[in-house]
Amino acid sequence: MQLSTETHILAARIGSTRSILLHLVLLGAFGIWIPHVKGVDFLDSQILGAYACLGLLFAAPATAQAFEQGVKSSFNQATARIFAGVLYGEIVALLLTGAGIATVYLTHRGGYVPQPDWETLLKCAAFGLGASAMLASLAALVAAQFSRRLAMVTLRLAFFGLLVLYFYRGQHLTDVGLSAAVGCLAVAALLIVLLRRACR
């Protein structure tokens, strides 16, 4: 029940005209333009792996923004916001990745188009899901314990760290296995335990 409520609230928030236009711009840039420019190179496992992890960039901020300033949230509300945020982020990541792959195939009809490495893509997607859950849980914990503003600042620092990590170690993204996803989920579970205490 609480999850349904929070999902509807999130849907209403991203259903504004401004938000819809922003999402369309993102779809056009990351789902059509970049894949069109990259061509078959877009199907490289490192690029697709990064796309599969894009959900964390949407899930965590959406979770943090669900917390109102000065309003105490229950644990059920907080966890529902985490699930709703992660669901939203993964849907965006799926749409962008799917649109990108479709764009490459549609713009190279009649030519040779290699198959994506589906196994590696699925592993990266699992890691992206775990990372989304971890960062969304962190955002919820900081927002519940302190404030939404501090949660957003924390996420900006985390995203900057991830950007630096990808810049220097991005080639190893495809080597990430399910163990990394499980590790992220374990950290998320720990953060949720701390969240329960913060919501008392």
Side-chain angles (χ1 to χ4, degrees), residues 6 9-10 13-14 18-19 22-23 25-26 29-30 34 46-73 75 77-94 96-97 123-177 179-200:
E6 294 298 333
I9 293 174
L10 175 59
R13 196 166 70 241
I14 64 177
R18 179 183 177 185
S19 182
L22 176 61
H23 283 78
V25 169
L26 287 172
F30 289 91
I34 291 178
Q46 184 178 339
I47 297 177
L48 287 181
Y51 262 64
C53 295
L54 284 176
L56 62 89
L57 298 177
F58 298 90
T63 301
Q65 291 168 1
F67 289 82
E68 297 182 39
Q69 292 292 127
V71 178
K72 188 72 174 178
S73 300
F75 176 69
Q77 285 177 315
T79 52
R81 288 165 184 167
I82 293 172
F83 281 106
V86 171
L87 176 62
Y88 161 62
E90 291 307 300
I91 289 174
V92 172
L94 178 62
L96 293 179
T97 305
K123 288 181 179 179
C124 290
F127 172 68
L129 174 62
S132 292
M134 180 177 67
L135 285 178
S137 299
L138 175 64
L141 174 61
V142 176
Q145 183 76 54
F146 301 103
S147 69
R148 178 173 63 184
R149 179 176 298 180
L150 183 58
M152 294 302 293
V153 171
T154 302
L155 290 177
R156 290 189 186 100
L157 293 174
F159 290 155
F160 178 75
L162 288 173
L163 180 62
V164 172
L165 183 63
Y166 182 76
F167 183 78
Y168 287 104
R169 292 288 186 268
Q171 68 272 20
H172 298 299
L173 177 62
T174 54
D175 298 328
V176 171
S179 58
V182 173
C184 288
L185 290 175
V187 174
L190 175 60
L191 292 170
I192 289 176
V193 170
L194 297 175
L195 177 63
R196 176 184 287 275
R197 295 180 181 180
C199 291
R200 287 177 180 174

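Basis for what follows: all heavy atoms, side chains included, without hydrogens, waters or symmetry-related copies.
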Worksheet entry | Exam field: side chain Arg148 to backbone Gln65, donor-acceptor pair closer than 3.5 Å | yes
Fill in: Any residue meeting side-chain hydrogen bond (donor to acceptor under 3.5 Å, both in side chains) with Thr154, in chain and number order, not counting sequence neighbours
none
Discussion item. Taking side chain to side chain donor-acceptor pair (under 3.5 Å) as the cut-off, I'd like each qualifying pair that reaches into residues 125-146, sequence neighbours left out, listed once.
Written reply: Glu90-Ser132
Discussion item. Checking Val164 now: which residues fulfil side chain to side chain contact (heavy atoms under 4.5 Å, CB included) with it, not counting sequence neighbours?
Written reply: Phe160, Tyr168
Item to complete: Before giving the answer on side chain to side chain contact (heavy atoms under 4.5 Å, CB included), spell out for Leu163 and Phe159 the whole-Å C-alpha distance, their side-chain angles and the decisive distance to 0.1 Å.
Response: CA-CA 6 Å; Leu163 180 62; Phe159 290 155; over 6 Å; no
Practice prompt. Looking only at non-hydrogen atoms, find the nearest pair between Ala93 and Gly55 and report the distance.
Written response: CB-N, 3.6 Å
Item to complete: Starting at CD1 of Ile91, measure out to CD1 of Ile14 and round the result to the nearest 0.5 Å.
Response: 8.0 Å
Worksheet item: Within a radius of less than 6.0 Å around CZ of Phe75, do more than 12 heavy atoms belonging to other residues, nucleotides or ligands occur?
Response: yes
Fill in: Atom CZ of Arg13: over 12 foreign heavy atoms under 6.0 Å
yes
Worksheet item: Could you give the distance from CG (Leu10) to CZ (Arg81), rounded to the nearest 0.5 Å?
Response: 11.0 Å
Item to complete: Can you sort out the partners of Tyr51 under ring pair (Phe, Tyr, Trp, His ring centres under 6.0 Å), two or more places apart, ordered by chain and number?
Response: Phe42
Worksheet entry | Side chain proximity check, Leu56 to Leu162, heavy atoms < 4.5 angstrom | yes
Item to complete: With sequence neighbours excluded, tell me which residues meet side chain to side chain contact (heavy atoms under 4.5 Å, CB included) with Ala140.
Response: Thr63, Phe67, Ile82, Leu195
Worksheet item: Is there a side-chain contact between Val92 and Leu54, using heavy atoms and a 4.5 Å cut-off?
Response: no
Worksheet item: What distance separates Leu185 CG from Leu129 CG, expressed to the nearest 0.5 Å?
Response: 6.5 Å
Worksheet item: Once you round to the nearest 0.5 Å, how far does SG of Cys124 lie from CD1 of Ile47?
Response: 12.0 Å
Practice prompt. Not counting sequence neighbours, which residues clear side chain to side chain contact (heavy atoms under 4.5 Å, CB included) with Ala180? List them please.
Written response: Phe127, Val176
Worksheet item: Does anything in residues 123-145 pair up under salt bridge (charged side-chain N to carboxylate O under 4.0 Å, His left out), and if so which pairs, sequence neighbours excluded?
Response: Glu119-Lys123
Fill in: Residues which pass side chain to side chain contact (heavy atoms under 4.5 Å, CB included) with Arg156, listed by chain and number, not counting sequence neighbours
Met152, Val153
Practice prompt. State, to 0.1 Å, how close Met134 and Leu191 come at their nearest heavy-atom pair, and which atoms those are.
Written response: O-CD1, 3.4 Å
Discussion item. Run the ring pair (Phe, Tyr, Trp, His ring centres under 6.0 Å) test against Phe58 and tell me which residues pass, sequence neighbours left out.
Written reply: none
Discussion item. As an exercise, state the distance from CG of Leu48 to SG of Cys53, rounded to the nearest 0.5 Å.
Written reply: 11.0 Å
Discussion item. Using side-chain heavy atoms (C-beta onward) and a distance below 4.5 Å, is Leu155 in contact with Pro61?
Written reply: yes
Fill in: Ala151 to Ala64 - nearest heavy-atom pair and separation
CB-CB, 4.0 Å
